[in-house]
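Take a look at the structure below.
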Protein chains: 4
Amino acid sequence: MAPHKAPDSSRRSDRSRRAIYDAALALVGESGYRRTTIEGIAARAGVGKQTIYRWWPSKAAVLMEAFLDLAARAAEEAASQTGGTGGQAGGTDPQAGAAEYGIPDTGDLAADLKLVLRATVDELNDPLMEAPTRALTAEGIVDAKLGAEFVEKLLDPQLALYVTRLRAAQEAGQLRSDADPRIALELLIAPLTHRWLLRTLPLTHAYADTIVDYALGGLAPRS
Amino acid sequence: MAPHKAPDSSRRSDRSRRAIYDAALALVGESGYRRTTIEGIAARAGVGKQTIYRWWPSKAAVLMEAFLDLAARAAEEAASQTGGTGGQAGGTDPQAGAAEYGIPDTGDLAADLKLVLRATVDELNDPLMEAPTRALTAEGIVDAKLGAEFVEKLLDPQLALYVTRLRAAQEAGQLRSDADPRIALELLIAPLTHRWLLRTLPLTHAYADTIVDYALGGLAPRS
Amino acid sequence: MAPHKAPDSSRRSDRSRRAIYDAALALVGESGYRRTTIEGIAARAGVGKQTIYRWWPSKAAVLMEAFLDLAARAAEEAASQTGGTGGQAGGTDPQAGAAEYGIPDTGDLAADLKLVLRATVDELNDPLMEAPTRALTAEGIVDAKLGAEFVEKLLDPQLALYVTRLRAAQEAGQLRSDADPRIALELLIAPLTHRWLLRTLPLTHAYADTIVDYALGGLAPRS
Amino acid sequence: MAPHKAPDSSRRSDRSRRAIYDAALALVGESGYRRTTIEGIAARAGVGKQTIYRWWPSKAAVLMEAFLDLAARAAEEAASQTGGTGGQAGGTDPQAGAAEYGIPDTGDLAADLKLVLRATVDELNDPLMEAPTRALTAEGIVDAKLGAEFVEKLLDPQLALYVTRLRAAQEAGQLRSDADPRIALELLIAPLTHRWLLRTLPLTHAYADTIVDYALGGLAPRS
DNA sequence: GAGTAAGCGAGACGGTACGTCGTGTCTTATC
DNA sequence: GATAAGACACGACGTACCGTCTCGCTTACTC
């Protein structure tokens with residue numbers, strides 16, 4: 001393998017890094033991922049191309065970091081506004097973003113899930129987030145390495161919140177005790193993702209509600 | 001607007017078309033979609049570049065058609081082996097591919113679904129199909145037009161089979177009468193797609209079975 | 001060796017070739033050879049970079065050809081004006097340029113040489129020719145391959161004219177019969193080249209005359 | 001204008017300076033002037049790039065100084081071996097190098113010139129000196145400022161020796177009294193330089209001898 | 001059966017972006 | 001305060017493909 005002598009990150013220019021994040025997100029939003037080029041990002045950020053190639057292996061990696069940074073900043077901002085500790089998740093990890101404040105636990109599982117899934121629907125339908133999220137997801141589907149990073153850094157932290165909430169529901173007797181929360185959560189999340197990614201049918205609050213109802217109640221007739 | 005004078009498809013070279021299909025699929029399988037180029041396909045197919053540009057608007061479109069052709073040929077072959085009449089779907093449409101023969105109806109909904117979903121799992125895990133399917137899906141996620149074509153030509157025909165089977169189940173009293181089959185099906189299909197696309201966790205027969213059980217039985221405890 | 005599959009020169013675009021010549025000469029004249037870039041030439045010529053890289057191995061090679069072409073066109077023009085028959089040199093070879101019409105032979109060797117050398121002085125002092133000629137010469141000094149081409153295509157044809165004239169002088173008894181014309185000519189030419197290349201002292205008509213006198217008469221006192 | 005605040009040369013690191021000379025000469029010898037880079041010199045010399053930029057304006061200037069230093073060291077060595085005062089040139093100027101010991105004066109002008117010109121031929125043919133000398137000369141041809149420096153520091157001191165010897169010859173009646181020594185010398189030197197720079201024909205001792213004979217005796221037949 | 005028009009293999013063309021290299025400036029830490 | 005190290009903005013390098021174009025050639029269809 002290429003040793004490639006890693007650059008000295010202590011001397012890295014923060015100014016350039018942030019400018020690159022901004023430029024990358026802006027360009028992807030404006031022109032789409034395909035038409036966004038590294039040269040374009042560099043030009044827009046007022047940065048030499050080499051500064052990008054020095055710190056990132058690919059355009060996708062730049063976008064990924066920019067995206068993570070965006071989420072982190074959003075979370076920080078949210079934290080400073082609400083004054084802090086949301087739910088059960090420890091507040092120090094900036095990665096998980098807005099979702100880190102956990103899924104509420106009012107005692108009514110169905111209601112709590114609908115609340116969260118409706119929020120997810122809104123987020124997915126947000127035109128600002130759409131372009132970069134789609135780009136990143138699509139890239140991850142084709143590039144296994146990037147996909148793994150995407151899952152690890154963005155998806156898994158969010159899914160963990162569901163696991164937590166579902167376990168609590170199990171203890172409260174609102175979820176079958178023999179159900180695997182990790183799989184149960186997929187029954188809830190996957191249909192939304194499916195519609196969003198493949199654009200088969202519109203993704204609405206009503207749909208989210210229906211999914212919760214079907215998943216909890218089951219498709220088979222209750223005897 | 002120049003109407004672009006559509007070429008006379010009656011004079012089209014079938015030999016070239018097939019060679020392009022083969023080259024496209026082979027190259028995507030070998031080097032990935034990204035590294036596959038139109039020039040590369042033309043060279044491998046022993047074809048002029050213009051012959052590709054004449055008939056297809058994009059690399060993705062070439063791959064899409066190659067893929068549809070592959071599915072059609074596979075279906076044809078399957079048909080000639082089983083002697084023909086599949087399920088309820090009329091056998092003349094080559095598009096729907098292998099799935100067109102329908103979901104069996106033995107009277108046991110759960111068993112039938114598990115059978116079909118296990119087959120889907122196998123198909124998704126088939127390394128031959130993996131690269132082009134992923135490439136096409138990813139492209140469709142970013143390019144709405146292509147995505148629509150993908151859904152219309154490949155996905156919808158398959159989903160229609162589920163709708164048919166689920167409606168039958170409803171009439172047989174094995175599915176809640178108030179359930180929308182189009183949504184119910186997503187509860188079953190989406191988790192598989194989710195795992196496959198995002199590679200979160202392994203996609204196995206056991207997982208398919210569990211999904212069927214959870215979806216039919218519901219996550220909430222039976223009273 | 002790299003096979004490199006030579007391009008099909010019969011399909012070459014003449015328009016592009018000439019545009020490249022013009023751009024190269026103009027840029028070298030305006031900004032100097034150093035600051036002239038292949039990208040710049042391509043842009044100025046309205047040509048893709050690859051069109052340059054396809055046909056020439058280096059910037060120097062482009063300039064060399066442009067220069068030869070310039071000389072050829074100048075010669076052609078001169079020919080069409082004077083109506084043709086120059087001196088003893090056959091008029092069909094476009095390479096040698098203006099010099100091909102030979103060195104006059106009035107019977108007075110010294111006068112003839114002074115005439116020609118004064119013309120050479122003027123040519124070397126012509127600011128239009130200066131930049132590209134210097135660039136080419138300098139490049140040839142460092143790059144032996146290019147230098148050989150320079151000598152073969154530009155210098156040797158001119159020197160041959162001197163050989164011819166000096167041989168005639170020998171027969172006329174105006175040049176020592178034991179003198180090698182090829183070497184004799186260097187005594188005449190080299191001092192001019194020397195001053196021009198190294199810029200030691202100004203290069204004037206008087207200097208040319210003096211060189212002829214010294215070379216013919218010898219530096220030693222006549223007994 | 002920023003006067004560029006000249007650095008304090010008293011604090012300059014001699015160690016670095018010499019390392020840079022060595023690296024520059026070595027690299028030019030190994031890879032040619034073109035492929036030699038300032039970064040490469042710095043790396044090879046174990047020196048920061050800034051140390052080069054602080055003290056020299058260009059790559060050519062570095063090489064020029066390195067070359068002068070080389071000549072000076074060679075002269076010093078020669079001096080310490082022969083025990084000292086060579087000819088008429090005062091021994092304190094290190095610039096002129098080996099040539100400073102002057103052109104011998106045995107009374108036989110032709111023999112003395114042949115001796116010196118043969119030595120020059122050998123020096124020009126020395127493969128060690130060839131690369132840097134060619135590089136420097138070529139650079140000077142294109143860059144007038146550098147060329148002037150080259151002439152002033154390297155060429156003129158050597159030519160002055162010829163002037164001295166030729167004047168002596170004039171006084172001894174071996175050179176026409178009306179001949180300008182500065183021009184006469186060019187008749188002798190320029191042909192050698194010409195062959196070496198342009199590589200038209202091989203540069204040999206015999207050639208040097210012939211040049212002396214032709215130049216002294218003249219090309220015209222002696223009456 | 002000759003004439004003609006389309007598709008075809010081939011590949012040159014004007015371009016855009018790639019990823020790398022070197023420039024000359026600047027900053028940081030060391031001596 | 002000069003130095004070794006090296007990040008930075010910049011710009012050119014030479015390459016790979018893009019999508020368009022023009023060449024002869026082959027292959028139907030038309031008259």
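Below, read A as the first sequence line, B as the second, and so on, with proteins coming before strands; counting in each chain starts at 1. Basis for what follows: all heavy atoms, side chains included, without hydrogens, waters or symmetry-related copies.
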Ranking Ile38(D) and Ser9(C) by the position along DNA chain E of their nearest nucleotide, the one closer to 5' is Ser9(C)
What I want to check is whether an N or O donor and acceptor connect the side chain of Arg11(A) with the base of dT27(E) at under 3.5 Å. yes
5'-most contact on DNA chain E: Asp8(B) or Tyr53(A), nearest heavy atom basis? Asp8(B)
Once you apply a heavy-atom cut-off of 4.0 Å, does Gly40(B) come out as touching a base, just sugar-phosphate, or nothing? nothing
When every non-hydrogen atom of Trp56(D) is compared with those of Thr51(D), the smallest separation belongs to CZ3-O, 4.3 Å
Any N/O donor-acceptor pair, Arg12(A) side-chain to dA7(F) base, under 3.5 Å: no
Measure CZ/Arg34(D) against C1'/dC21(E) and give the value in whole Å, please. 16 Å
How many whole angstroms separate atom CG of Leu27(D) from atom C1' of dG22(E)? 14 Å
Integer-rounded Å distance: dC10(F) C1' and Glu39(C) CD: 12 Å
Could you list the residues that satisfy salt bridge (charged side-chain N to carboxylate O under 4.0 Å, His left out) with Asp69(C), not counting sequence neighbours? Arg18(C), Arg73(C)
Arg34(D) and Glu139(C) ion-paired at < 4.0 Å: yes
Donor/acceptor link under 3.5 angstrom from Lys49(D) side chain onto base of dG24(E): yes
Polar side-chain contact Gln50(A)-dC21(E) base: donor and acceptor under 3.5 Å: yes
Atom pair distance, as rounded to whole Å: CZ in Arg54(B) and P in dT22(F): 14 Å
Take atom CD1 of Ile52(A) and atom P of dT20(E), then tell me their distance rounded to the nearest Å. 13 Å
With sequence neighbours excluded, tell me which residues meet side-chain contact (heavy atoms from CB on, under 4.5 Å) with Ala23(D). Ile41(D), Arg44(D), Ala45(D)
Nearest-Å distance, CZ (Arg15(B)) to C1' (dT26(F))? 12 Å
